[in-house]
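Down below is the structure, laid out as C-alpha cells.
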Number of protein chains: 2
Amino acid sequence: MINYGQSSLDWLATMKAMTEQKVGRPRAFDRDQALFQALNVFWRLGYEGASLSDLTEAMGINRPSLYAAFGNKEQLFREVLARYHELSVPSIAMALEHAEIYVALEQLLRINIRQITNPNVPAGCLLIRGVPVCNDTTAPIYQAVVDQRLGQESLIRERLEQSAQAGELAANVDPVDLARTIMAFSNGLSIQSVNGATHAELERSVELFLRGLKVLLVA
Amino acid sequence: MINYGQSSLDWLATMKAMTEQKVGRPRAFDRDQALFQALNVFWRLGYEGASLSDLTEAMGINRPSLYAAFGNKEQLFREVLARYHELSVPSIAMALEHAEIYVALEQLLRINIRQITNPNVPAGCLLIRGVPVCNDTTAPIYQAVVDQRLGQESLIRERLEQSAQAGELAANVDPVDLARTIMAFSNGLSIQSVNGATHAELERSVELFLRGLKVLLVA
DNA sequence: TATATTTTGTACTGATCGGTACTATATGAA
DNA sequence: TTCATATAGTACCGATCAGTACAAAATATA
C-alpha cells in the first residue's frame with residue numbers, strides 16, 4: 001500500500017488534493033451543495049418533472065456548468081441516487097443493529113416515518129416519488145431506482161435471516177417474506193405521507209403494525 | 001318526474017339516444033374502447049410520460065379526434081380516473097361486504113394482489129404509478145388522484161367503523177388508524193409488484209400481514 | 001507578462017411537447 | 001340534390017425540452 005502520510009486524515013487530504021483541480025478558472029460553486037439542491041428538486045418534482053431550468057435555478061449555476069460538473073441529467077440523477085443512498089442507508093443499518101429483532105424493526109419504522117415526514121425535505125421517499133414508471137424518459141435510470149429499493153429490502157432480509165438462524169422468528173415465518181412485508185408497509189407509509197398524513201398518524205399506524213408484528217416473532 | 005316510457009330500460013335507451021349524435025359524420029371509433037386504451041397508456045407510462053402521440057396511437061385515432069371527443073389531455077385523464085374508479089371500487093366494496101371483518105379484509109387484500117399482478121394490465125396501481133408528485137404538469141390532476149386514493153381508504157375506514165361499533169376490534173384499535181395501516185400495506189404491495197414481485201410472493205406477504213391483523217380483531 | 005487550462009454566461013440547436021386551423025368527408029334533414 | 005352538422009386527416013403552431021457552440025473571464029504555470 002502506498003504511504004500517503006502518517007494518518008488516514010493525511011490520506012484523505014491527499015485524495016482530496018488529487019481530485020481538486022489545480023489549473024484553470026476555479027469553480028464558483030460548491031459541487032456538493034449543488035448536488036444536494038439537485039436531490040431536493042428531483043425529490044420534489046420527480047425525474048421527468050424536473051427540468052434543466054428547475055435544476056440549474058435551484059443549484060444556482062448555469063446550464064453549461066451543470067453539464068461540465070455532472071455530465072447530463074441522467075448522470076446527475078445517478079449521483080443524486082448515490083447521495084440519497086448515503087443519507088438513508090446508515091440510519092437503516094443502525095436501526096437494524098439492535099440485538100432484539102423487535103426493537104430493530106421498531107426503530108427501523110420509527111426512523112422511517114421521521115424521514116418521510118421531515119418538513120425540510122419533500123414528503124415521502126425519493127425512490128418512490130422520483131421514478132414511478134419506466135418509459136422512454138426514465139428507462140436509463142429506472143432499474144437503478146428499483147435496485148436501490150431492493151437493496152433496502154435486502155438489508156432487512158439479511159437482518160431477519162440472522163434472527164431466523166437464532167430462532168427468533170415464529171413458526172412458518174420466512175425471513176424473505178417478512179422482509180418484503182415490512183418493506184411494503186414502509187413504502188406504503190411513504191405514500192400515506194404524500195397523501196398528507198401527519199407524523200402522529202403514521203406513528204399510530206406503525207404502532208398497530210408493530211402489535212401485529214409481535215405475533216410473527218418469538219416472545 | 002318525466003315519463004320516458006314504461007321501464008327503466010326504456011329510460012336508459014332514451015338517455016343513450018339523447019347523448020348519441022344524430023347529425024353529422026358519425027364517429028369512426030368506439031369512444032369507450034378508446035378510453036380504455038388511454039387508461040392502459042396512462043397506467044403504463046404515467047400522466048407525464050404519456051404523450052399525445054402515445055395516446056392517439058394506442059387509441060387508434062388521430063389528434064383532433066381525441067380533442068373533439070375528450071377535450072384535452074387533462075380531461076381525458078379525468079375520464080380515465082373515473083373509469084379506473086368504476087373498475088376498482090366495486091371489487092373493493094364487494095370484499096368489504098363480508099359479515100366477518102377478518103374475512104372482509106382478507107378478501108380485500110387477496111383481490112388487491114390479483115389486480116396489481118394481472119398480466120393483462122401494467123403492474124401496480126394507476127393511482128400510484130400514474131401521478132406520484134405534484135409539479136407544473138401534474139398540478140391540474142394531482143389532487144383528483146390523491147382524493148381517489150383517500151376515497152379507497154374511506155371505504156375501508158367506514159367498514160372498520162361498523163366493526164368498531166359492533167365491538168369487533170381489539171382494545172385500543174382505532175378504525176381510522178387501522179384503515180390507514182391497511183391502505184399503506186396495500187399500496188406498498190403495489191410497489192412490490194412494480195419491483196417485480198410475483199403473485200405468489202405477494203400472497204405470502206398478505207398471509208403474514210393477516211396473521212398480525214388477527215391480533216387487532218376480537219376472536 | 002504570456003500561455004495553457006478550465007469555468008462562466010449568453011445564445012443557440014434540433015426534437016418533442018400539447019394543442020389547433022383547415023379542408024375533405026360522411027352523415028341526417030330539408 | 002342541397003344544406004347543415006360533425007368527424008377524419010394533414011399539416012401546422014408556439015412553447016419547452018435536453019443539450020451545446022462560443023467567447024469572455026479567471027486561475028496556475030512558465
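Throughout, protein chains are lettered first and strands after them, A, B, ... in sequence-line order, and every chain is numbered starting at 1. Just so it is clear, the values below take in all heavy atoms, side chains as well, and ignore hydrogens, waters and symmetry mates.
Contact annotation: side chain of A:R63 to base of D:dA18, donor-acceptor pair present below 3.5 Å. Not a single donor-acceptor pair, N or O on each side, falls under 3.5 Å between the base of C:dT7 and the side chain of A:R27.
Between B:E57 atom CD and D:dG9 atom C1' the separation is 16 Å, expressed in whole Å. Here the P atom of nucleotide C:dG9 and the CD1 atom of A:I61 are 10 Å apart, to the nearest Å. Distance, B:R31 CZ to D:dA8 C1': 17 Å, rounded to whole Å. Atom CG in B:N135 sits roughly 11 Å away from atom P in D:dC17 (whole-Å rounding).
The side chain of A:S65 places no N or O atom within less than 4.0 Å of a non-bridging phosphate oxygen (OP1 or OP2) of C:dT7.
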Donor-acceptor contacts under 3.5 Å from residues 121-130 of chain A side chains, at least two apart:
unit_1: A:R129; atom_1: NE; unit_2: A:W43; atom_2: O; d: 2.9
unit_1: A:R129; atom_1: NH1; unit_2: A:A123; atom_2: O; d: 2.7
unit_1: A:R129; atom_1: NH2; unit_2: A:R44; atom_2: O; d: 2.9

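The side chain of A:N62 approaches C:dT10 more closely than any other nucleotide in the set C:dA21, C:dT10, D:dA25. The side chain of A:F29 has C:dT8 as its nearest neighbour among C:dT20, C:dT8, D:dA26. Taking the side chain of B:R25 as heavy atoms from C-beta on, and the options C:dC17, C:dG19, C:dA24, the nearest nucleotide is C:dA24. Of the candidates D:dA8, C:dG18, D:dA21, the closest approach to any side-chain atom of B:A28 belongs to D:dA8.
Each of A:P64 and A:D54 was assigned the nucleotide of DNA chain D with the nearest heavy atom; the assignment lying further toward the 5' end belongs to A:D54.
Contacts with DNA chain D (heavy atom under 4.0 Å) in residues 67-78 of chain B: none are found.
Looking only at atom types and distance, the side chain of B:S190 has no donor-acceptor partner in the side chain of B:N187 under 3.5 Å away.
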